[in-house]
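Note that this is a predicted model, so its numbers are computed, not measured.
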Amino acid sequence: HVRNVSFAWQELGEIKVSARNARNHRISTLSKNSGAGPYDMLRSRTMRIMRENGWKRLAITSPNMACGKTTVATNLAFSLARQSDNRVILLDMDMRRPSMHDILSHRDRWSFHDVLEGKLHPEEQLLRFGENLIFGLNYKPANNPAELLQSEKTREILEIIEAKFQPDFILFDMPPMLVSDDNVGFMQNVDCGLLIGAAEETHVTQLDSCEKELAELTNVLGIVLNKCRYMETGDDYDYY
């Protein structure tokens, strides 16, 4: 069984991410450096809480656009995967405005929503980075994102992916909560959710209402305040 899982990972197409490209797109966890510190702390807390509760699937969302949820999701995935005993899958579920492919500077013919629509098998579209991280990227919007995310077929395909690749963690980069109803029907497929807010941009009332709605849909792992420009001396403990 272990051999079959390892083969399933190895047969995937491979994606490369250069250090220069990572820096240009604020990906600081590709390797261990000073900028990875805050994300590594988030990783450690995420792993602890999810393992204590037996959770495997984490949805990452935000109240509105431009909060940096995709950047946080990508950094968290790389940080988790730097621990070699973790198998991690990150799926782009923002079917209206996909951006993860831009962060990773990768283009292809088929998008992950084509897999959910049944046009091809997961192993024909998913990409492997290194030995223990898989990406499911979208290169263009889906035609019917809300219906697709809420469909029974999507639930079945996610179960097939989990059974085939046996990941320790599956991260879902979800759409913002206040711009569509895409999250409502999908959150039943995850164990918990992480809410990303942007300092000086996201209103407290938006975070509060989204946290309450998220709590009605799944377990709330926590709230991350992103884009903090002003820190007290020593708050980041030598980290940028």
Side-chain angles (χ1 to χ4, degrees), residues 5 8-17 21 25 27 56-62 65 69-78 80-81 87-130 132-177 179-191 193-194 196:
V5 172
W9 281 72
Q10 291 300 320
E11 71 175 351
L12 294 178
E14 195 169 2
I15 183 174
K16 302 287 187 180
V17 181
N21 178 70
H25 291 89
I27 303 301
K56 182 176 291 187
R57 298 183 179 188
L58 169 63
I60 300 173
T61 185
S62 60
M65 294 168 48
K69 65 175 179 61
T70 301
T71 301
V72 171
T74 307
N75 271 296
L76 180 57
F78 278 121
L80 285 166
R87 282 196 175 109
V88 184
I89 296 178
L90 173 56
L91 302 176
D92 185 357
M93 307 299 281
D94 193 340
M95 305 292 183
R96 297 179 189 270
R97 296 176 64 94
S99 61
M100 195 179 301
H101 67 287
D102 287 329
I103 289 178
L104 299 175
S105 294
H106 190 274
R107 301 288 303 183
D108 208 340
R109 176 186 177 188
W110 297 103
S111 292
F112 181 66
H113 61 73
D114 292 315
V115 176
L116 300 181
E117 292 167 5
K119 296 179 180 178
L120 66 166
H121 298 295
E123 57 269 22
E124 296 177 284
Q125 197 277 332
L126 297 175
L127 296 168
R128 175 177 54 83
F129 176 85
N132 61 333
L133 176 57
I134 288 174
F135 289 103
L137 304 177
N138 289 306
Y139 307 102
K140 60 182 180 180
N143 292 325
N144 52 344
E147 293 78 8
L148 185 60
L149 287 171
Q150 298 177 31
S151 70
E152 179 68 17
K153 188 173 186 64
T154 288
R155 185 190 65 80
E156 293 173 354
I157 290 176
L158 293 178
E159 290 182 354
I160 290 172
I161 290 173
E162 185 172 337
K164 186 177 183 66
F165 298 100
Q166 295 289 302
D168 298 286
F169 302 99
I170 307 178
L171 310 184
F172 301 89
D173 179 25
M174 299 301 300
M177 297 186 69
V179 301
S180 73
D181 64 339
D182 292 357
N183 289 284
V184 176
F186 181 81
M187 288 296 181
Q188 62 183 331
N189 296 304
V190 305
D191 300 310
L194 186 66
I196 312 299

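- Distance CG/L171 to CG/L194: 9.5 Å, rounded to 0.5 Å.
- Using a 4.5 Å heavy-atom threshold, the side chains of R97 and P176 count as separate.
- Contact check for V5 versus R87: side-chain heavy atoms found under the 4.5 Å cut-off.
- Atoms CE and OH, on M100 and Y139 in that order, are 10.5 Å from each other to the nearest 0.5 Å.
- Taking a cutoff of 4.0 Å between a charged side-chain nitrogen and a carboxylate oxygen, K56 and E162 qualify as a salt bridge.
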Steps toward side chain to side chain contact (heavy atoms under 4.5 Å, CB included) verdict (I134, W9): CA-CA 8 Å; I134 288 174; W9 281 72; 3.3 Å; yes

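- Side-chain N or O atoms of Q166 include one that pairs as donor or acceptor with a backbone N or O of A163 at under 3.5 Å.
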Side chain to side chain contact (heavy atoms under 4.5 Å, CB included) assessment of H113 paired with N143: CA-CA 9 Å; H113 61 73; N143 292 325; over 6 Å; no

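- T61 places no side-chain N or O within donor-acceptor distance of the main-chain N or O of M174, the cut-off being under 3.5 Å.
- Just one of T74, T70, L76, I60 meets the side chain to side chain contact (heavy atoms under 4.5 Å, CB included) condition when paired with L90; it is T74.
- The side-chain heavy atoms of L137 and L104, taken from C-beta on, include a pair separated by under 4.5 Å.
- Without hydrogens or angle criteria, D191 side chain to R57 main chain gives a donor-acceptor distance under 3.5 Å.
- Put simply, the side chain of N183 gets close to the backbone of P175: a donor and an acceptor are under 3.5 Å apart.
- With salt bridges taken as basic N to acidic carboxylate O contacts below 4.0 Å, one links K69 and D94.
- Using a 4.5 Å heavy-atom cutoff, the side chains of L120 and V115 are in contact.
- Annotation for D92 and P98: closest pair OD2-CB, 3.4 Å, computed over non-hydrogen atoms.
- In terms of modelled atom types and a separation under 3.5 Å, the side chain of D114 and the main chain of K119 share no donor-acceptor contact.
- A donor-acceptor contact shorter than 3.5 Å links the side chain of E124 to the backbone of H121.
- Between the side chain of E14 and the backbone N or O of R128 there is no donor-acceptor pair closer than 3.5 Å.
- In this structure, the separation between CG on L148 and CG on L116 is 5.0 Å, given to the nearest 0.5 Å.
- Heavy atoms only, all atoms of each residue included: Q125 and G136 are closest at OE1-CA, 4.1 Å.
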Derivation of the side chain to side chain contact (heavy atoms under 4.5 Å, CB included) call for F135 and I15: CA-CA 9 Å; F135 289 103; I15 183 174; 4.1 Å; yes

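- Aromatic ring centres of F172 and F186: separated by under 6.0 Å.
- Around the CZ atom of R96, the shell of radius 6.0 Å holds more than 12 heavy atoms that belong to other residues, nucleotides or ligands.
- Annotation for K164 and A8: closest pair O-CB, 3.9 Å, computed over non-hydrogen atoms.
- Summarising the geometry, atom CD belonging to E11 is positioned 5.5 Å from atom CD belonging to E123; distances are rounded to the nearest 0.5 Å.
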Verdict with supporting geometry, F169 and I89, side chain to side chain contact (heavy atoms under 4.5 Å, CB included): CA-CA 6 Å; F169 302 99; I89 296 178; over 6 Å; no

Side chain to side chain donor-acceptor pair (under 3.5 Å) evaluation trace for T154 with S151: CA-CA 5 Å; T154 288; S151 70; 3.1 Å; yes

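- Residues T71 and I103 have side chains in contact (heavy-atom distance under 4.5 Å, counting atoms from C-beta outward).
- Put simply, CG on L91 and CG on L126 are 7.0 Å apart, with the number rounded to the nearest 0.5 Å.
- To the nearest 0.5 Å, atoms CG (N189) and CG (L149) are separated by 9.0 Å.
- Between F78 and F129, the distance from one ring center to the other falls under 6.0 angstrom.
- N138 places no side-chain N or O within donor-acceptor distance of the main-chain N or O of M95, the cut-off being under 3.5 Å.
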